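The structure appears below as structure tokens.
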Amino acid sequence: MNKIYLDNNATTAVKEEVLDAMLPYFREQFGNPSSVHWAGRMVSSAIEKAREQVAELLNCSPAEVIFLSCGSEGDNYAIKGTAEALKHKGNHIITTAVEHPAVLETCEALEKDGFEVTYLGVDRDGMLDLKELEAAITPQTILISVMWANNETGNIFPISEIGAIAKKHRVRFHTDAVQAAGKIPVDVRAANVDMAVISGHKIGAPKGVGAMYLKRGTKINRFMHGGHQERNRRAGTHNVAGIVGLGVACELALRDLDSNYAYVRQLRDKLEQGILETIPEVKLNGHPDADLRLPNTLNVSFNYIEGESLLLFFDMKGIAASSGSACTSGSLEPSHVMGAMGVDIVLAHSSTRFSLGPDNTEEEIDYVLNELPPIVQRLREMSPLYNREEPTPLSCDECRMVHRA
Amino acid sequence: MNKIYLDNNATTAVKEEVLDAMLPYFREQFGNPSSVHWAGRMVSSAIEKAREQVAELLNCSPAEVIFLSCGSEGDNYAIKGTAEALKHKGNHIITTAVEHPAVLETCEALEKDGFEVTYLGVDRDGMLDLKELEAAITPQTILISVMWANNETGNIFPISEIGAIAKKHRVRFHTDAVQAAGKIPVDVRAANVDMAVISGHKIGAPKGVGAMYLKRGTKINRFMHGGHQERNRRAGTHNVAGIVGLGVACELALRDLDSNYAYVRQLRDKLEQGILETIPEVKLNGHPDADLRLPNTLNVSFNYIEGESLLLFFDMKGIAASSGSACTSGSLEPSHVMGAMGVDIVLAHSSTRFSLGPDNTEEEIDYVLNELPPIVQRLREMSPLYNREEPTPLSCDECRMVHRA
Amino acid sequence: MYTEKVMDHFSNPRNVGEIANANGVGEVGNASCGDIMKIYLKVEGDVIQDVKFKTFGCGAAIATSSMVTELAIGKTIDEALVLTNQAVAEALDGLPPAKMHCSNLAADALHEAIKDYREKHPA
Amino acid sequence: MYTEKVMDHFSNPRNVGEIANANGVGEVGNASCGDIMKIYLKVEGDVIQDVKFKTFGCGAAIATSSMVTELAIGKTIDEALVLTNQAVAEALDGLPPAKMHCSNLAADALHEAIKDYREKHPA
Ligand SMILES: Cc1ncc(COP(=O)(O)O)c(C=O)c1O
Ligand SMILES: Cc1ncc(COP(=O)(O)O)c(C=O)c1O
């Protein structure tokens, strides 16, 4: 069977060069980089090399890079660490309603501790109003946290503009760059970012490793307490192989950014046009201007069909994608991103994300464009919402979950 | 050159079977286990298998195992998560002065947030007084945290007895089992433990993965906020390869525990006797009864010699060990464990840990026993403390650090 | 995560569609929960002669709908009323824990359809 | 982490020992810091004819001690007094940041020894 992986925003395969670079660090060079002896020395320089590779992708100094276990840890650390370090200055945080749960849940946890959080809304295209952002800043504001690009829609936020606003008001600025890094240029210095978070497994490094850019001089409380690793900024024995992999992945990402993503963009545009042209009642989620979305991401709602069943039917044809349906996330509500954009509840349950990568081919896109229409049609035929005359009950009061036997 | 690795308490090489099991999960089975499609399904069952393997080593139910990024994360999570979840019940935590920094620093951070922490002292052998522990419990006590075995001395604490005390007083009991797991039997159920933490890289799995046993029904606040992974108990995309590796390492550890550690114990005993018999003025650190220490650990102080220089000279002969000297840890004070045991300050700087593993051989021990005496003698000849007549200035008031140009 | 039986019923759902002259129709669920199930019945002399469904929902929702139609067909109304969501899940060799709620309402939809039939055809 | 020069001076330290009839002795450091350096001088006509050291301390402490003896030998007292810890570190091609403090006191020990000489031999 064909296996067509269009879920690169969820995770990516480890690149061959990355795995090759990692392999020696499991058995031959297995030492603890904190050790004084040969086994430690062999690996500590590998970590410093990786630090340089990450720094180069982000355009910062290696000393400003902290290795972590994942993107979520970076978001937790940046936000909680800032809140604690700056609580004498104020208790107000500004973020957006469309952040990743690693940011949103962290902010919600801080609300319970007495912090006030402004969740900026977005328009129907999923975009922020920068005037609203600036107006939300108060003398109590200690942090602005806005993602560089959204994982569901691919929308790219105007990070340089936000950086300028943050600088003007002397407010610290954190950006979750997990989806942006490696797909579009991420220059933390040019954008006036104070903290930026990336995750290895979104860019061809393994799962379980991430990094944070922490601008020199930025005061932050520890998140992971313990040993003196990472110059006292992150305790825990270094994930040496993962860090080496992250470094190589960053180097490759930087080297291949332009060529890879011109190619990926063209495949994505083909998929986008193909779907919108051949299947009726499909809604594009995200900004209609494709330049304002990541070059690899397409999010559409196939009206009348719940996302998980669509994914499972795609899967029977070997096509891997993802959905904003509640049923695929373990939560009861569909995607908060669709909700924030004011997407109708059925369309939110129907939202489907195709996220491409440089390994995809034109033939794969042709195959997908061929297979999709009959699947969509078959599921629509099965749906009580399709060609329905009576109105659909939409209010949650009527939700029949309570009726279960 | 010979390469003799006697630093297995710092980290271990990944076992061959472990690496073999991990390899498919980097590229062929690279999916995100949270995904609905083929790529996700392929890996989610691998995670559940690993969960069973970990559960078996610890004698708990798989549902009680949470995968994490390292041992430090487990200690942070267990302690902070309990403190937050139970702060309505009390604000007192009992731990020991000889815990790993991941526990000690976490407790110190909580002290700043209004928690009270009792750091139980240890005797000259590094052992706790259980009466003192029980007497320290107040109606405000919400947590007892005592490590299963100490990383520096190898001392094994009476976890079952402490578990019984905790149960009697209905106080939650956390144990850092990072050094114990895989070296001695760790049965969390028999010992009445509520939370236990292990780390992969101490038992032949890679760095960057760990696990926590969380007894069913134990209320804990999240440490890593974000996605719904690990049934809402730990956010962040699963480190699939690392988790698979941890599972296999646990299975091997359980299978080989008895045979491996009878063998390791015999090598350790030989090294111990050899050093104590052939080198004068060596002090054993830890309990003199070898049954009360991990079978692989030997900690001795070579009087008059600072630990780092000893390690570097060992290293020139290919021998990898570690030291409690301040100069090897990046801190200004030598080992807090030696300090808590009342070890003289020079002897604390001289403390050296040899931690063996099943890959070591009798020939290696012979080689070490041969090489050590001349190294020790040479460094002693270089030391102004050796054969000194005048007293050594020992008070820190006189510390000449301030005199630097 | 799904059993083979779930996957079978999901990928080849039985009795999809509407019954033109159904004499009992029931619908449960809600768009905001992401699951709506509609059951059409043809009852003759207290026996369910035909049953069809339409479902908007996840794999579990479709599979349970399909399974409930198989279980109901040929049964008397009273027998069908004893069918529980739990029994449907068991007939599918179980459902993932996360799917035991809104996605497992097919028996409820059947009961609603029977209720509708009874209201229209009082004994 | 250490430069080659540090490793060289550490593994083959120059001028280790005591001078039986030293006319200047200096000691700095403290056991609690983990570093004690003792310098023995033989000064003749304002020139350092011989210098030896004994050090308890880490690799950096031993290497800086060794280096300071090499730098001091043959110098006049006044020249030797200008030697700084920083200069010693530079002569070793640098030290890791964590070692720039207590482990880098060898020039201080030399200065103490010169002070001792001067006290015993007032001009
Ligand atoms: C007793 C003990 N606890 C915790 C840890 C921390 O484990 P990790 O390095 O995986 O964070 C270690 C090892 O470093 C340890 O020896
Ligand atoms: C925007 C964004 N932030 C954070 C994360 C979390 O990264 P990780 O899974 O490495 O914790 C993800 C991916 O899951 C993401 O897409």
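The sequence lines fix the lettering, A, B, ..., with proteins before strands; numbering per chain opens at 1. None of the values given here were measured: they were computed from a predicted structure.
Neither the backbone nor the side chain of R231(B) comes within contact range of chain A; no heavy atoms are under 4.5 Å apart. Heavy-atom distances place both the backbone and the side chain of K3(B) under 4.5 Å from chain A. Contacts of I319(B) with chain A are made by backbone atoms alone, with heavy-atom separations under 4.5 Å and no side-chain atom involved. Of the two parts of I4(B), only the backbone, made up of N, CA, C and O, holds a non-hydrogen atom closer than 4.5 Å to a non-hydrogen atom of chain A. Contacts between Q29(B) and chain A at a heavy-atom distance below 4.5 Å are absent for every atom of the residue. Using a 4.5 Å cut-off between heavy atoms, F223(A) touches chain B through backbone and side chain atoms alike.
Residue N76(A) holds its CG atom at 6.0 Å from CE of M224(B), rounded to the nearest 0.5 Å. In this structure, NZ on K207(A) lies 12.0 Å from OH on Y25(B), to the nearest 0.5 angstrom. The CG atom of D113(A) sits 6.0 Å away from atom CD of E84(B), with the distance rounded to the nearest 0.5 Å. Once rounded to the nearest 0.5 Å, the distance linking CZ of R234(A) with OG of S69(B) reads 4.5 Å.
Of the residues considered (K15(A), K80(A), E28(A), H100(A)), K80(A) shows the highest number of contacts with chain B, using heavy-atom pairs under 4.5 Å. Most heavy-atom pairs under 4.5 Å with chain B: of the set A241(A), S199(A), G318(A), G210(A), this distinction falls to G318(A). The candidate from E308(B), R222(B), M316(B) with the greatest count of non-hydrogen atom pairs under 4.5 Å with chain A is R222(B). Interface summary for chain B: among S322(A), G71(A), G31(A), G242(A), the most heavy-atom pairs under 4.5 angstrom belong to G31(A). Of the listed residues A320(A), G227(A), P206(A), the one with more heavy-atom pairs under 4.5 angstrom with chain B than any other is A320(A). Between chain B and the residues D7(A), L311(A), L104(A), the largest count of heavy-atom pairs under 4.5 Å involves D7(A). Between chain B and the residues H238(A), E73(A), E105(A), the largest count of heavy-atom pairs under 4.5 Å involves E105(A). When each of A109(B), G204(B), P101(B), G40(B) is scored by its heavy-atom pairs under 4.5 Å with chain A, the top score falls to P101(B).
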Stepwise side-chain contact (heavy atoms from CB on, under 4.5 Å) test for V14(B) and F30(A): CA-CA 7 Å; V14(B) 175; F30(A) 65 88; 5.9 Å; no
Criterion side-chain contact (heavy atoms from CB on, under 4.5 Å) on N239(B) and V209(A), from CA distance to verdict: CA-CA 8 Å; N239(B) 174 357; V209(A) 65; over 6 Å; no
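Between the side chain of R27(B) and the main chain of A13(A), no donor-acceptor pair closer than 3.5 Å is present.
Using a 4.5 Å cut-off on side-chain heavy atoms (C-beta onward), E108(B) and H225(A) make no contact. No side-chain heavy atom of V240(B) sits under 4.5 Å from any side-chain heavy atom of T11(A). Contact of the F26(A) side chain with the M22(B) side chain is registered, since non-hydrogen atoms from C-beta on lie closer than 4.5 Å.
Among the residues in residues 32-39 of chain B, those with a non-hydrogen atom closer than 4.5 angstrom to a non-hydrogen atom of chain A are N32(B), S34(B), S35(B), V36(B), H37(B), W38(B), A39(B).
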